[in-house]
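Down below is the structure, laid out as structure tokens.
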Amino acid sequence: MRFDTPATTNPIDQLKIVGKPTDRIDGPLKTTGTAPYAYEWHDVVPNQAYGYVVGSAIAKGRIASIDLTKARAAPGVLAIVTAENAGKLGKGDWNTAKLLGGPDIQHYHQAIALVVAETFEQARAAAQLVRVDYIRAQGAFDLASAKDSAIVPDGATPDTAVGDFASAFASAPVELDATYTTPDQGHAMMEPHASIAAWDGDKLTLWTSNQMIAWSTGDMAKTLGIPKENIRLISPFIGGGFGGKLFVRSDAVLAVLGARAARRPVKVALARPFMFNNTTHRPATIQRIRIGATRDGKITAIGHESWSGDLPGGGPENAVQQTRLLYAGANRMTATRLAVLDLPEGNAMRAPGEAPGLMALEIAMDEMAEKLDIDPVEFRILNDTQVDPENPDRRFSQRQLVECLRIGAERFGWKTRGVRTGRVREGRWLIGVGVAAGFRNNLLTTSAARVRLDHRGVVTVETDMTDIGTGSYTIIAQTAAEMMGVPLDKVVVRLGDSIFPVSAGSGGQWGANNSTSGVYAACVKLREAVTQKLGFNSAEALFEDGNVRLGSRSVSLAEAAGEAGLVAEDAIEYGNLAKQYQQSTFAAHFVEVGVDVATREIRVRRMLAVCAAGRILNPKSARSQVIGAMTMGVGAALMEELAVDKRHGFFVNHDLAGYEVPVHADIPHQEVVFLDETDPISSPMKAKGVGELGLCGVGAAIANAVYNASGVRVRDYPVTLDKLLSGLPEI
Amino acid sequence: MRSFTYERASSPAEAAAAASAEGAKFIAGGTNLLDLMKLEIETPTHLIDVNDLALDRIETTPEGGLRIGALVRNTDLAADERVRRDYGLLSRALLAGASGQLRNKATTAGNLLQRTRCPYFYDTNQPCNKRQPGSGCAAIGGFSRQHAVIGASEMCIATHPSDMAVAMRVLDATVETVRPDGTARSIPIAEFHRLPGDTPHVENALIPGELITAVTLPRPVGGTHIYHKVRDRASYAFALVSAGAIVQRDGTGHIALGGVAHKPWRVEAAEAELPRGAKAVAEQLLADAKPTQENAFKLPLVERTLAAVLAEART
Ligand SMILES: Cc1cc2nc3c(=O)[nH]c(=O)nc-3n(C[C@H](O)[C@H](O)[C@H](O)COP(=O)(O)OP(=O)(O)OC[C@H]3O[C@@H](n4cnc5c(N)ncnc54)[C@H](O)[C@@H]3O)c2cc1C
Ligand code: SF4
């Protein structure tokens with residue numbers, strides 16, 4: 001189905017099932033521990049052996065020699081894979097560094113061997129017996145010192161310029177020029193990367209934990225140099241990915257190579273201390289923001305530059321994107337620079353681009369509002385735009401940022417805040433509030449699905465879409481049930497298998513809108529197949545209560561399907577609407593924090609997000625997405641930082657004791673409001689992405705609240721108590 | 001993890017005798033030891049499980065104090081009525097540590113003997129004098145935000161991570177042990193943990209095979225009991241700085257710090273300054289402090305934490 005004109009009324013608009021806060025249909029499997037995760041497919045193939053990964057002890061250099069003698073002789077060892085004996089390997093399109101390193105070492109904990117043994121304990125013990133001699137090389141590990149050597153990255157991130165930024169900024173009556181930094185961060189998802197690989201002749205089956213089935217099947221084929229038709233990738237349940245599982249990683253490649261070497265199925269999970277340096281992470285940024293405005297608060301110039309680093313061949317963090325679209329202003333510029341760093345490879349994590357970009361931009365807006373002596377909510381409203389500021393002929397398909405800010409301010413009690421910093425106190429706590437705008441683009445990509453109707457009237461949906469804990473199973477079931485006029489318990493959803501039609505997959509908050517639109521397209525076809533078979537006029541037939549009705553004739557779907565059943569497959573494919581209209585999602589984040597008068601410990605007290613993100617397909621799972629994202633925002637603002645050892649070139653705090661993410665006690669109260677919105681420009685579902693929006697802007701709202709509470713402006717994340725200690729009066 | 005043999009000891013003397021063998025180690029709750037074994041930071045060849053020793057009781061001593069069995073779980077100790085009434089500091093320190101699940105397993109002796117959380121100690125690719133004597137100290141000149149600001153050496157700047165031990169230090173506890181030859185002894189808590197010096201791998205006064213049987217507390221001293229733990233997140237994090245204090249009505253009292261040194265940090269001379277306020281106490285406590293650039297913030301933080309403690313004591 002081609003979607004190139006705005007959606008009109010369609011069966012989804014009935015909202016009998018879509019739009020309801022339905023519980024997760026996979027909930028019971030999860031809560032009873034019976035949803036199998038990648039490492040838990042114990043019964044799918046017999047005789048599974050265990051692989052344990054050996055990682056490089058240096059960040060850059062070469063392996064002079066590897067001695068496997070002792071490891072080979074260890075009890076239970078079946079095979080050891082290294083670059084020397086693995087045969088020629090390609091590299092996936094989505095990988096920067098090799099997933100099996102050697103002799104050249106590209107980063108710390110790059111996998112250099114897999115030890116396969118009868119038991120996990122044997123494999124782990126033998127892995128410690130692998131002796132490696134390295135020749136260390138000098139590397140670059142510090143973004144600040146590499147910054148001046150940064151270049152314009154290849155690919156899709158050109159500099160932008162509209163009007164004359166330099167003169168407009170220079171002549172602006174009120175201006176801000178400030179630099180902000182965000183640190184390297186790790187996904188720290190609950191389920192580590194894990195895979196089980198089994199060969200049957202030249203056919204490979206891989207049970208893994210992966211967000212993007214088709215990308216990863218393709219990249220695995222490329223890595224192995226085999227046709228992708230020979231690979232089946234299965235990933236129906238995923239214990240969190242956050243962008244870290246968009247690609248094939250070392251667990252998968254090494255399980256496959258281990259299985260080949262041991263001639264047995266092999267399972268591999270990455271040990272937790274290995275996760276932070278072996279896999280991808282969100283790269284650190286240095287961001288310079290310049291804003292010029294008139295005295296009455298109209299932005300006349302806005303510029304955003306960002307620096308990040310990556311391994312040679314890698315890409316930048318696109319931190320400036322939102323600044324092209326969020327606020328008005330006739331003179332504007334953005335620039336992205338990339339330095340070479342020999343740290344582990346950077347890549348997508350939890351709303352890449354906008355999340356770190358807004359962490360900087362939305363503090364800058366707060367600082368600017370203060371300089372102008374304008375309420376930060378009003379300052380944002382004053383500079384709202386309903387068109388793409390770089391291209392005023394292009395309107396936003398929907399843009400309710402102003403409504404988000406106004407409704408949020410009202411609900412949060414923004415008016416009663418203490419405008420001057422450091423003045424509101426409750427017991428040991430200095431209280432402050434902060435606001436930030438949230439912004440994330442709505443991305444459209446082709447997504448296919450297959451639907452079957454069987455003789456019991458059951459509708460089965462098959463698509464390679466993944467559910468990374470987001471609720472995909474449930475909203476897909478709701479979509480199919482609404483379209484086919486059946487109750488939810490008559491819908492079966494099967495996801496995450498490369499034998500199913502290729503979907504959008506999960507990432508960039510594009511999963512929900514695109515994958516349900518693909519299911520919508522397939523259901524439209526199935527409805528036609530049903531009506532055609534019954535000789536009904538498809539435009540007039542009603543699908544209701546498990547029946548198809550036309551006038552006084554009514555046939556049950558079960559009967560219509562007959563013994564053989566009916567099948568339809570289709571994809572949603574997008575035309576030019578995304579070029580004609582800018583499609584984005586908007587939010588306003590409000591946060592109240594307490595800062596301990598004495599110790600400067602920072603604790604969030606309450607959070608509110610007001611979101612405008614098209615039709616909300618399931619308010620319950622959408623809310624869960626948003627509160628999870630807000631929680632990530634607390635982590636990013638207050639604690640998450642991969643500490644770089646600039647001498648040895650690695651992330652030092654590589655376990656969950658050292659890399660802190662929020663715990664329950666950090667998240668006392670969260671409220672989410674969704675504005676009533678449908679966006680017919682986006683898709684037939686009239687929905688957009690929403691999950692990542694919940695994170696975008698939160699970090700800055702917290703930093704702004706900390707400023708309001710304490711009077712100390714921190715521009716380097718995370719905002720930790722030590723940064724609030726200096727220059728304080730005695731107590 | 002290396003393979004090891006395993007036995008369950010049935011009496012303290014038997015356990016201590018068995019433990020004198022090369023490579024033997026006790027295991028109690030296992031919450032620290034097992035993690036370290038998986039990473040081959042600890043590589044015992046023989047484990048002696050002490051969980052069957054009947055050392056899980058809390059008894060009143062003839063002197064009016066408490067005798068806490070080495071195997072009393074942190075959860076049970078924190079919840080004990082006598083502890084909550086007379087030694088509130090201990091209960092609060094325990095509850096500030098780890099998580100409910102861990103405290104259910106963790107034991108009194110194991111908690112005292114838990115090893116540092118220095119991240120370089122945990123990474124066997126890195127030099128670490130504590131893990132591998134003579135290999136160097138990667139934390140010096142590296143990531144040292146969590147590390148010691150006082151009492152450290154050029155060999156090691158690690159901290160002792162225990163919250164409970166800080167309370168025990170303030171309470172003047174005594175560690176009771178049995179040595180492999182069967183003889184018992186009592187070690188004052190002040191002499192139990194050591195500074196790193198030239199031998200950071202030697203962390204306490206125990207000799208090889210020596211088994212902790214109990215920790216005793218003297219008669220309660222009254223006063224206001226406060227444990228103040230400062231950390232980046234609200235729970236489930238080791239202390240950046242912590243302060244355990246007992247403050248009497250007249251402003252005198254006892255105080256010790258966690259998160260700043262290789263052992264709970266108490267300076268009796270500093271306690272004399274208590275009536276003069278936090279600044280005076282902090283100056284004495286941290287007189288010879290040598291922080292790194294990354295953890296210099298702990299000095300003002302200690303003073304401010306002490307100020308908060310003293311303010312709380314007054315209310
Ligand atoms: C994620 C995590 C977070 C934590 N957070 C905190 C925190 O915030 N604050 C805090 O204070 N602690 C914290 N801890 C540490 C926890 O308190 C310790 O792991 C626990 O107290 C150790 O007790 P155990 O009985 O499990 O010791 P084990 O692991 O069994 O043993 C530890 C050591 O003691 C020795 N040992 C045990 N019993 C005896 C005995 N009777 N005689 C002689 N030697 C003995 C063992 O040989 C071993 O060397 C945390 C731990 C984890 C894993
Ligand atoms: S501080 Fe101590 S524990 Fe840490 S690396 Fe140095 S020697 Fe090892």
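Here is how names work: the chains are called A, B, and so on, in the same order as the sequence lines, proteins then strands, and each is numbered from 1.
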The interface call for A:Val604 against chain B, heavy-atom contacts under 4.5 Å, is neither
For chain B, which residues from residues 117-124 of chain A have at least one heavy atom closer than 4.5 Å to it?
A:Arg124
Assess whether atom CZ of B:Arg276 is packed by more than 12 heavy atoms of other residues, nucleotides or ligands within 6.0 Å.
no
Is the shortest distance from a Lys or Arg side-chain nitrogen in B:Lys229 or B:Asp163 to a carboxylate oxygen in the other one below 4.0 Å?
yes
Tell me, out of B:Gln146, B:Lys38, B:Lys298, B:Gln126, who's got the most heavy-atom pairs with chain A below 4.5 Å.
B:Gln126
Does B:Arg233 pair with A:Asp666 as a salt bridge, N-O distance under 4.0 Å?
no
Please determine whether a side-chain nitrogen of the Lys or Arg among B:Glu42 and B:Arg115 lies less than 4.0 Å from a carboxylate oxygen of the Asp or Glu.
yes
Give, as side chain, backbone, both or neither, the part of A:Glu601 having an atom under 4.5 angstrom from any heavy atom of chain B.
side chain
Regarding B:Glu271 and B:Arg266, does a basic nitrogen lie under 4.0 Å from an acidic carboxylate oxygen?
yes
If you measure from the Lys or Arg side-chain nitrogens to the Asp or Glu carboxylate oxygens, is any gap between A:Asp722 and B:Arg145 under 4.0 Å?
yes
Residues which pass salt bridge (Lys or Arg N to Asp or Glu O under 4.0 Å) with B:Arg231, listed by chain and number, not counting sequence neighbours
none
Ordered numerically, the heavy-atom neighbours of chain B under 4.5 Å found in residues 51-62 of chain A are A:Ser56, A:Ala57
For a quick check under 3.5 Å, do B:Gln101 and B:Asn104 share a side-chain donor-acceptor pair by atom type?
no
Taking the side chain as every heavy atom from C-beta outward, state whether A:Leu724 and A:Val706 have any pair of such atoms under 4.5 Å apart.
yes
Under a 4.5 Å heavy-atom cut-off, does chain A meet the side chain of B:Leu39, its backbone, both or neither?
both
Identify the residues of residues 630-639 of chain A whose heavy atoms come closer than 4.5 Å to a heavy atom of chain B, ordered by number, or report 'none'.
A:Met639
Measure up the B:Tyr120 and B:His147 rings against each other and bin them: parallel (under 30°), tilted (30 to 60°), perpendicular (over 60°).
tilted
